[in-house]
Amino acid sequence: MSSDIRLENVTKRFQDVVAVDGISLDIESGQFYAFLGPSGCGKTTTLRMIGGFEEPSEGTIYLGDRTVTGLPPYKRDVNTVFQSYALFPHLSIRDNVAFGLKRKGVKGADLRGRVDEMLDVVGLHGYGGRKPRQLSGGQQQRVALARALVNRPRVLLLDEPLGALDLKLRKEMQLELKRIQHDMGITFVHVTHDQEEAMTMADTIAVMNGGRIEQLGTPADLYEQPRTAFVAGFLGKSNLLDGTVSGDGVVRLLDGSELRTRTNGNRGPVSIGVRPEKIRLGDAGVNRLSGTVKESAYIGVATEVVVATPVGELTVFHQNVEAGGGAPAPGSQVTLSWASEATFVVDRGEETE
Ligand code: ADP
Ligand code: MG
């Protein structure tokens, strides 16, 4: 595997703010890579350093096997799509897309052919003669994408590119972006605060918190085996129960009951996590807790059931297989159970501010 981008101990300070705090990572060629994290965690700053719009305070960035320290954006084989599309309003769609190629001296049939091909890729065949204001927001976003991809950069950087679109369009564009990335085989580096967006599109996600990378992995790794409470809470819903590792694969909860789990080398105080869809009503699994249903909310595909147990409240997604759902009503006594493999363990007190 060859890496397209490498960051080595990259830090960025703005006066007294540490925006990015000693990040190291490799982005392999042809990947769809996402930086995911809450607002202010340093995603945009990281992307801007890769693009050449900011220089690191410390550390080194490589594109391919070259360091790019001090190299201006236009000399890096990288293009960026911003949330604001920044199209030229007075130019036609065709001329917007052709802009960069023209500056490189591409002309005539070659220019026309490449622009047409790109308009096809982004689904805007036949729109070349229009002006940006004659297109919808989603279509303008596609033009911005075509313009950034037409000269086939090594890497495309995308900073919250779907942020201005409504939910339905955003979902459509997520799948489109993934298709385009796949078809063109260009490395995409995407920044978002939306966990579902990152999980839908990315091969690898770097979860950021306070300028650092909290965990790196595939969407499934991060969801199934989060290593910190922050990651567990940022990617979907999870139940966390406090306990102490009392043996290999065993955690004792505060009321003395024991649960079977992967302890992954953890010792001492931990939180044991289990996702709501992995818990069943009934005693089929090795880990069992009894309690009283506190709330039951029908949400279509599932009913969200909140159960009060002696060690805390747990949320359970009961699949609505039967007509009407069939989930237990508030006040019912229930037993919850789940498999040991459905459990993860995080160090307690690791959740950062
Ligand atoms: P994100 O994109 O994850 O929301 P940013 O990378 O934009 O986060 O910002 C990270 C931190 O750096 C924030 O605290 C932000 O206020 C600060 N920051 C970003 N750019 C500048 C700047 N040009 N000058 C001063 N502080 C900045
Ligand atoms: Mg940002």
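Worth saying up front: this structure is predicted, and the values here are computed from it rather than measured. Whatever order the structure lists ligands and atoms in, that order sets their numbers, starting from 1.
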Using the ring of Phe99 (Phe, Tyr or Trp, six-membered ring only), decide whether Arg94 places NZ or CZ under 6.0 Å from its centre and within 45 degrees of its axis. no
Protein residues that have a heavy atom under 4.0 Å from any atom of ligand 1, sorted by chain and number: Phe14, Val17, Ala19, Pro38, Ser39, Gly40, Cys41, Gly42, Lys43, Thr44, Thr45
Is it true that [X] and [Y] make a salt bridge, defined as a side-chain N closer than 4.0 Å to a carboxylate O?
X	Y	result
Glu117	Arg114	no
Lys12	Glu54	yes
Lys171	Glu196	yes

Would you find a donor on one side and an acceptor on the other, under 3.5 Å apart, between the side chain of Lys43 and the backbone of Pro38? yes
Under 3.5 Å side-chain donor-acceptor pair for Glu197 and His190: yes
Which residues pass the side-chain hydrogen bond (donor to acceptor under 3.5 Å, both in side chains) test with Gln319, sequence neighbours left out? none
Could you identify which residues cluster with Leu289, counting Ile, Leu, Val, Met, Phe, Trp and Tyr as linked when any side-chain heavy atoms lie under 4.5 Å apart, either directly or through a chain of such contacts? Leu241, Val245, Val251, Leu253, Leu259, Val270, Ile272, Val274, Ile279, Leu281, Val293, Val305, Val307, Val311, Leu314, Val316, Val334, Leu336, Trp338, Val345
Hey, do the aromatic rings of Phe188 and Tyr33 have their centres closer than 6.0 Å? no
Using a distance threshold of 2.8 Å, what protein N/O/S atoms lie below it relative to the Mg ion (ligand 2)? Thr44 OG1
